2 protein chains.
Amino acid sequence: MRTTITDVARHAGVSPSTVSHVLSGNRTISPETRARVQRSIRALNYRAHAGARSLRAGQTDVVGLVVPLQTCYYQRVLMPYVYGVTEAARAHGWNVMLLTATDGKAEIERAVYSNMVDGLVLMEVQLHDERVPLVAGLGRPAVLLGMPADPAGLAYVDFDFEAAANLCVEHLVGLGHRAIGFVGGPQSLYDSEISFALRTQTSVAARLSEHGLEFHGVAAEPNPAGVQLALRSLLDQTPELTGLIVKNEWSVDLIVDALNQLGRKVPRDTSVVVIAGQEVASQVSPALTYVRIPAEELGRAAVELLSTSSGDAPREGVLVPPELVRRGSDAPLVPAQSRS
Amino acid sequence: MRTTITDVARHAGVSPSTVSHVLSGNRTISPETRARVQRSIRALNYRAHAGARSLRAGQTDVVGLVVPLQTCYYQRVLMPYVYGVTEAARAHGWNVMLLTATDGKAEIERAVYSNMVDGLVLMEVQLHDERVPLVAGLGRPAVLLGMPADPAGLAYVDFDFEAAANLCVEHLVGLGHRAIGFVGGPQSLYDSEISFALRTQTSVAARLSEHGLEFHGVAAEPNPAGVQLALRSLLDQTPELTGLIVKNEWSVDLIVDALNQLGRKVPRDTSVVVIAGQEVASQVSPALTYVRIPAEELGRAAVELLSTSSGDAPREGVLVPPELVRRGSDAPLVPAQSRS
DNA sequence: GTGAAAGCGCTAACAA
DNA sequence: TTGTTAGCGCTTTCAC
């Protein structure tokens, strides 16, 4: 049998409402009574029934985390976001329910309409994401972890991939490079219009063009063969490339190898700058110059924003600015004829 | 205002109990009434209030997934398990609540005693895990995703790491290798007695000893420097090694490189066999001979086991047998003097 | 085949 | 400062 608030009340010799108020703290209780009740709570190991509480209070203290897990190979990138979200949620006294929306909208609707969650955090937001208008119409606090083309009045948090792309271009151009290539994620990311993938690529192209430079990009599938294929095709078509911007979590540990196999030394022949999460970038040897995606912080920020979005005012987005860390895979351009 | 069962009843011109029975299906309802009610449900977009239902029914249809996320660098390995668990849970009509037990037992107790979850799946089980006796005493269905020293009557699912270790040893011995080294996970895994880490290492040592061979093992920290350091120290102490068994998710993509840098070609000088999840092993170039850890299947199996553990009978464990896949990083031993 | 009504455990408005 | 009580939305026994 469950321990109920009535059990505690009986044990402490008070009424249930007194116990309730000791718990919630919104009534002045005499110190003695409070102490006695708390002792009983401890003694009986009492916890309020979450269902009853949510029925009565109309809120659950649960955040729904919507993660489309079907993109299997993307999983290793997702975990730090999840971690950030759950940590921040706990700090607010909230629990996290995993909504792996393979059926897309249905699961979200169910969770909200059946009052299982108070609010939502959406991960893996696409540029044109059908979940965004759906969630916007739900009338619940919701935060997008990723920037869509139209946030529909929802708050969002994202890494500033445009600025990151620009930073990479400026860095390489500043080192004298004029022929700069781009290695992007798997084609499927672009097909499904995953927000960051498109934004990064577009910005690289735009900023190169501002410098009067051409854009040379490839998509690389998430495996060794795919990366090698992509690199080869890129360098076959444009052998004069001396700078490489890489936004592809799966190629990071392969890129230097692949370049070596194509007869290019890093950074002597080719400078490489990577945009990636820390856990990816820091695994690699030799250390790569990179722009870190602060996944965990982004997850945290999403929950913080959620805690603010109870109001009805349409919320704006937050873009976290990038920072470039030099780690030795980049070097000033040396004219070909003067190389040792 | 929420849509309630009473709203639906009114809309359909029946009583709430009729609606309830249409939903649950445990009463014979005339086809016309059923159709009318279902139309109303559809029309009003009705979903039962999860809290009310759990209050009344005494169950939540929620599974608590206990993931100690604090071991940050371990995150990339965890996701496939999470995926398997959530998929299988959905198939049972269950939701998944993420319990990132940084405070260990407190969060588990809270979730159970406040009736937020019907059952538990524990990940990252340690050999002597304080959560195991705790959960065993909770009287709720629970499954361990990992084998502890004493399951305390709880069901568990795990990969058969002993068998995997044996398989690796036998394979290398079968190829003629007599000096075989072992590269294990970070020291912290052994310190916290993470079950699989200890079991693997112990089994490798035991099986080697059965063949009259010595055990030479190192722990490697999860970064390039750590792996190189570990390998160097291993090969400094035992330069005659020609076979290497690797159970370290972070070194997989570094091991061949590191061996090259130490002047050893794979598989000519050194044969390498890896125990790792697919998403790790398949990312590497050149392809490594490996024993795949079927993380997703293990997650699924845990939930299946949970669906069976409603009974009170103490449950037994399931060990999933390993399989070795040859991919080219191993070769028969060639005596040193006959090498080209 | 269907309806009325009690009660799951909790909170808060109302009483004292 | 504390107790009494109604009712959140649902299921299910009991009655018809």
Side-chain angles (χ1 to χ4, degrees), chain A residues 1-41 44-62 93 110-118, chain B residues 1-41 44-62 93 110-118:
Chain A
M1 211 28 219
R2 256 195 65 81
T3 307
T4 75
I5 200 170
T6 316
D7 298 328
V8 177
R10 199 171 11 241
H11 186 274
V14 296
S15 78
S17 69
T18 301
V19 178
S20 174
H21 284 114
V22 166
L23 249 22
S24 68
N26 48 19
R27 190 195 246 190
T28 40
I29 309 272
S30 75
E32 309 85 58
T33 310
R34 193 208 317 289
R36 197 147 34 86
V37 169
Q38 264 156 355
R39 231 174 304 123
S40 298
I41 289 175
L44 300 179
N45 205 3
Y46 169 74
R47 257 91 166 183
H49 188 290
R53 175 179 286 216
S54 98
L55 175 57
R56 182 64 230 226
Q59 64 164 59
T60 58
D61 293 337
V62 174
R110 202 173 49 78
V112 167
Y113 285 138
S114 69
N115 269 50
M116 299 188 39
V117 301
D118 293 339
Chain B
M1 213 24 222
R2 258 195 63 81
T3 306
T4 74
I5 201 170
T6 316
D7 299 329
V8 176
R10 202 173 5 244
H11 186 275
V14 296
S15 77
S17 68
T18 301
V19 177
S20 174
H21 282 114
V22 166
L23 250 21
S24 68
N26 49 19
R27 190 195 245 189
T28 40
I29 309 273
S30 75
E32 309 85 56
T33 310
R34 191 207 319 288
R36 198 146 36 85
V37 169
Q38 264 156 355
R39 232 175 302 124
S40 298
I41 289 175
L44 300 180
N45 204 5
Y46 169 75
R47 255 91 165 184
H49 189 291
R53 174 181 288 219
S54 99
L55 175 57
R56 183 62 232 228
Q59 65 164 61
T60 58
D61 293 335
V62 174
R110 203 174 47 79
V112 166
Y113 286 137
S114 70
N115 269 51
M116 299 187 37
V117 300
D118 293 339

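A note on names: the letters A, B, ... follow the listed sequences, proteins ahead of strands, and every chain is numbered from 1. None of the values given here were measured: they were computed from a predicted structure.
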Open item on the list: Under 4.0 Å from a heavy atom of chain B: give me the 5'-most and 3'-most nucleotides of DNA chain D that qualify.
Closed with: D/dG9 to D/dC14

- [ ] Before giving the answer on side-chain contact (heavy atoms from CB on, under 4.5 Å), spell out for A/Leu23 and A/Ile41 the whole-Å C-alpha distance, their side-chain angles and the decisive distance to 0.1 Å.
- [x] CA-CA 10 Å; A/Leu23 249 22; A/Ile41 289 175; 3.4 Å; yes

Rounded to the nearest 0.5 Å, how far does [atom2] of [Y] lie from [atom1] of [X]?
X       : Y       : atom1 : atom2 : answer
B/Thr4  : B/Leu44 : OG1   : CG    : 9.5 Å
B/Arg34 : B/Thr28 : CZ    : OG1   : 9.0 Å
B/His49 : B/Leu55 : NE2   : CG    : 10.0 Å

State which residues pass side-chain hydrogen bond (donor to acceptor under 3.5 Å, both in side chains) with [X]; sequence neighbours excluded, sorted by chain then number.
X       : answer
B/Gln38 : none
A/Arg2  : B/Asn115
A/Thr60 : A/Asp118
A/Ser20 : none

Task: chain B footprint on DNA chain C, 5' to 3' - any atom under 4.0 Å from a heavy atom - done: C/dG1 to C/dG9

Close residues, [range], relative to DNA chain C [heavy-atom separation under 4.0 Å]:
range                     : value
residues 21-35 of chain B : B/Arg27, B/Thr28, B/Ile29, B/Ser30, B/Thr33
residues 9-20 of chain A  : A/Ser17, A/Ser20
residues 46-58 of chain B : B/Leu55, B/Arg56

Open item on the list: Could you report the tightest heavy-atom contact between A/Ile29 and A/His21, atom names first, then the distance?
Closed with: CD1-CB, 4.0 Å

Show me the donor-acceptor pairs within less than 3.5 Å that the side chains of residues 8-17 of chain B make with the rest of the protein, sequence neighbours left out.
residue	atom	partner	partner atom	Å
B/Arg10	NH2	B/Asp7	OD1	3.1
B/His11	ND1	B/Ser40	OG	2.7
B/Ser15	OG	B/Ser17	N	3.4
B/Ser15	OG	B/Ser17	OG	2.9
B/Ser15	OG	B/Thr18	N	3.4
B/Ser15	OG	B/Thr18	OG1	3.3

Task: side chain to side chain contact (heavy atoms under 4.5 Å, CB included) partners of B/Arg47, counting only residues at least two apart - done: A/Glu109, A/Arg110, A/Tyr113, A/Ser114, B/Asn45

- [ ] Return the angle between end axes of the helix from C/dG1-D/dC16 to C/dA16-D/dT1, with five pairs used per end and rounding to 10°.
- [x] 40°

